[in-house]
Amino acid sequence: MPAVVVDTMSDLMRLHYANAASMHRSGSEAMRLAEKARSSVAERMGCSPGEVVFTSGGTESNNLAIKGTLDNIARASKHLVVSAVEHASVYECARQLESRGVELTILPVDGEGRVDPADVERAIKKETALVSVMHVNNETGTVQPIREIGAIVQKYPHVKFHVDGVQAIGKVPFDWRSSGVDLYAGSAHKFGGPKGAGFLLVKEGIELAPLLSGGNQEEGRRSGTLNVPAVVAMSQALRLTMENRDARRVRMYAMRRRLLELIADIPELRTNGISSGDANVERDAAPHVVNVSYPGMRPEVMIHMLEQNGILVSTQSACSSKSLKPSRVLLAMGLGADRASASIRISFGDEHTMEDVETLGDKLKTVVKQLKPLERIQG
C-alpha cells in the first residue's frame, strides 16, 4: 500500500473516529468525508455517486450482487448463470444458492479460459435472473469478453449482468456506461488500498435484497457502521491507480512478455492461459498475472524454494492457496490433472521492475534444475 494511503488512513483513524451515521458535528464531518470518497470512486469508475455501495471487499460485493439479486425476486423459479472459472466468492455463492433450489447453469470455457458469448445467450431463458462472468481471471489473467456478453444480456430486460472486476481495476480498460454491466465488484487491496474495503457498483434503478440487516446504511443496501478511514483511503488509492493506469499497462505488458520468454527457455514449465504469441494479447490477457505449471511437481515445493530466494508467488488464488486440490479453473480449461495440480501464479505489482523479472527467470531455472531429480517422486 503506498505510504501516502497508509498515512491518510492513519490520520483519519486518529482524527475522525466518529460514527458517520451520528447526528453530532463529528459524525457529520465523518459522513462528509465518506461522501467525498464516494464521489471520488464514482468519478474514477465512470458512474454516479448513488451507484456506489461501500462493502468490506470483493467477497461481500460479489455475494451482495448475486444473492441480493436472486433474493429480491419473489417468484419461486429462479435461474442463475455463471462461468466455470469464477472466483470462489462467486462460484461457491452460486453453489450455495443451487442447494437452496436456484437452478444453476455453469458455462464452459475454452483452453485459454474464455467464455463464448454464444453460450451465454443459449443459457438465458425466461427464469434467468442473473448472469455472472468475471472480468479478469484471478489465476490465469484471462480477460473475458465482457462487452460482448453485456450486449447479449441487454437484449433480455429480465436478466441482470454481474461482473467480478476485482482483478481488472487499474489493469484493463472498463467503461461502466457502455459495458452493459449492471453490477460490478471491486476490492481496495487489489489497487493499493487497505484490506477489508471494497465497493459494488449498482446500476441506477436496480434493487438488491441486503445481506445484512441492521441500521439501513448505504441506502438500505448494506447495514453496518461505515469504515470511514478505509473508504477514504480506498478512494485515494483508486485515484492514484487510475492516474497511472496507461503507463502501468505498458510497463507490465513488457514485463509479462519478457517473463514468458524466460519461461519458454525452461522446457519443464508450461504456461497456462493466454500466451505472448496471441496477436490480441492486450485484449485477451491482463498484464499482471502469469500462470505456469511444472507437471509432476507439487506447487508448494516450488513456492517454498522460490520463497527461500526472496520471491513470493502463490498457487491458485491467494484465498485458496492452501488447498492441495487441483485448480478448478485449470481443470475447466481442459488442461488435465497433471497441470492443474502443479500450477503457480505469478503476479506483478507497481513495485516490480524488469530487473525483478530477470531475477525471477534465473531463479525459476535454478529451482527447476534442483527439483528435476524429484519429479518422479513428487508425481
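Values below: every heavy atom of this structure, side chains too, minus hydrogens, waters and symmetry copies.
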Polar side-chain atom of [X] near backbone of [Y] as donor-acceptor pair, under 3.5 Å:
X    : Y    : result
S40  : K36  : no
Q144 : V115 : yes
R248 : G170 : yes
H24  : G27  : yes
N291 : E139 : yes
R298 : E300 : no
T128 : L130 : no
N137 : V85  : yes
S223 : N216 : yes
R328 : A84  : yes

As an exercise, state the distance from [atom1] of [X] to [atom2] of [Y], rounded to the nearest 0.5 Å.
X    : Y    : atom1 : atom2 : value
I66  : D71  : CD1   : CG    : 11.5 Å
H352 : H288 : NE2   : NE2   : 12.0 Å
Y294 : I344 : OH    : CD1   : 11.5 Å
Q96  : L104 : CD    : CG    : 12.5 Å
R339 : L269 : CZ    : CG    : 11.0 Å
L183 : L64  : CG    : CG    : 8.0 Å

Can you list everything that forms a salt bridge (charged side-chain N to carboxylate O under 4.0 Å, His left out) with [X]? Sequence neighbours excluded, please.
X    : answer
K369 : none
E86  : none
R38  : E35, E218
D7   : none

With a 4.5 Å heavy-atom cut-off, do [X] and [Y] have their side chains touching?
X    : Y    : answer
V81  : H79  : yes
P229 : H16  : no
M1   : K195 : no
E60  : L200 : no
I274 : R283 : no
E103 : K125 : yes
M297 : E268 : no
V290 : R256 : yes

Taking every non-hydrogen atom, the tightest pair across [X] and [Y]:
X    : Y    : answer
I303 : S314 : CD1-C, 3.8 Å
A185 : I169 : O-CD1, 4.3 Å
A42  : P49  : CB-N, 3.6 Å
L107 : A123 : CD2-CB, 4.0 Å
T315 : S343 : OG1-O, 3.0 Å

Side chain to side chain donor-acceptor pair (under 3.5 Å) contacts in which one or both residues fall within residues 229-240, not counting sequence neighbours:
T8-Q236, R239-E243
Per the ring-ring contact (aromatic ring centres under 6.0 Å, His included) rule, what does the pair list look like for residues 154-174, sequence neighbours excluded?
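Sorted pair list: H135-F174, F174-Y184.
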Enclosure of M13 CE (heavy-atom neighbours >12, cutoff 6.0 Å)
no
Under 6.0 Å from the CZ atom of R249, do we count more than 12 heavy atoms belonging to anything else shown?
yes
Under 3.5 Å, sequence neighbours excluded: what are the donor-acceptor pairs made by side chains of residues 201-212?
from	atom 1	to	atom 2	distance (Å)
K203	NZ	V181	O	3.3

Check for me, please, whether [X] and [Y] land in the same ILVMFWY cluster - side-chain distances under 4.5 Å, paths through other members count.
X    : Y    : result
V292 : M255 : yes
I149 : V163 : yes
V133 : V289 : no
V6   : M234 : no
V41  : M9   : no

Output, in order, the C-alpha distance, side-chain angles, deciding distance and verdict of salt bridge (Lys or Arg N to Asp or Glu O under 4.0 Å) for R114 and E112.
CA-CA 6 Å; R114 279 188 299 254; E112 294 180 323; 2.7 Å; yes
Apply side chain to side chain contact (heavy atoms under 4.5 Å, CB included) to N309 and list each qualifying residue two or more places apart in sequence or on a separate chain.
K363, V367
Salt bridge (Lys or Arg N to Asp or Glu O under 4.0 Å) evaluation trace for E51 with R177
CA-CA 12 Å; E51 293 176 312; R177 293 300 177 202; 2.9 Å; yes
Say whether R257 and Y253, considering side chains only, have a donor N or O and an acceptor N or O under 3.5 Å apart.
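No, because no side-chain N or O of R257 sits under 3.5 Å from a partner of the opposite role on Y253.
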Considering only Ile, Leu, Val, Met, Phe, Trp and Tyr, and joining two whenever side-chain heavy atoms are under 4.5 Å apart, list the other residues clustered with L15.
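The other cluster members (ILVMFWY side chains, heavy atoms under 4.5 Å, direct or chained): none.
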Applying side-chain contact (heavy atoms from CB on, under 4.5 Å) to L262 and E358, what does each step give before you reach the verdict?
CA-CA 8 Å; L262 295 168; E358 298 291 342; 4.0 Å; yes
Partners meeting side chain to side chain donor-acceptor pair (under 3.5 Å) with N63 (sequence neighbours left out):
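K67.
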List the residues meeting side chain to side chain donor-acceptor pair (under 3.5 Å) with E92, not counting sequence neighbours, and say none if there are none.
none
For a side chain to side chain donor-acceptor pair (under 3.5 Å) check, start with the C-alpha distance between D356 and T353, then their side-chain angles and the critical distance, and finish with the verdict.
CA-CA 5 Å; D356 293 327; T353 66; 3.3 Å; yes
Pair K365 + D362, salt bridge at N-O below 4.0 Å
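Judged by the 4.0 Å cut-off on N to carboxylate O distance, K365 and D362 do not form a salt bridge.
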Among V231, L12, L226, the one residue meeting side-chain contact (heavy atoms from CB on, under 4.5 Å) with L33:
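When V231, L12, L226 are each tested with L33, the side-chain contact (heavy atoms from CB on, under 4.5 Å) holds only for L12.
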Would you list the pairs meeting salt bridge (charged side-chain N to carboxylate O under 4.0 Å, His left out) in which at least one residue belongs to residues 154-163, sequence neighbours left out?
E121-K155
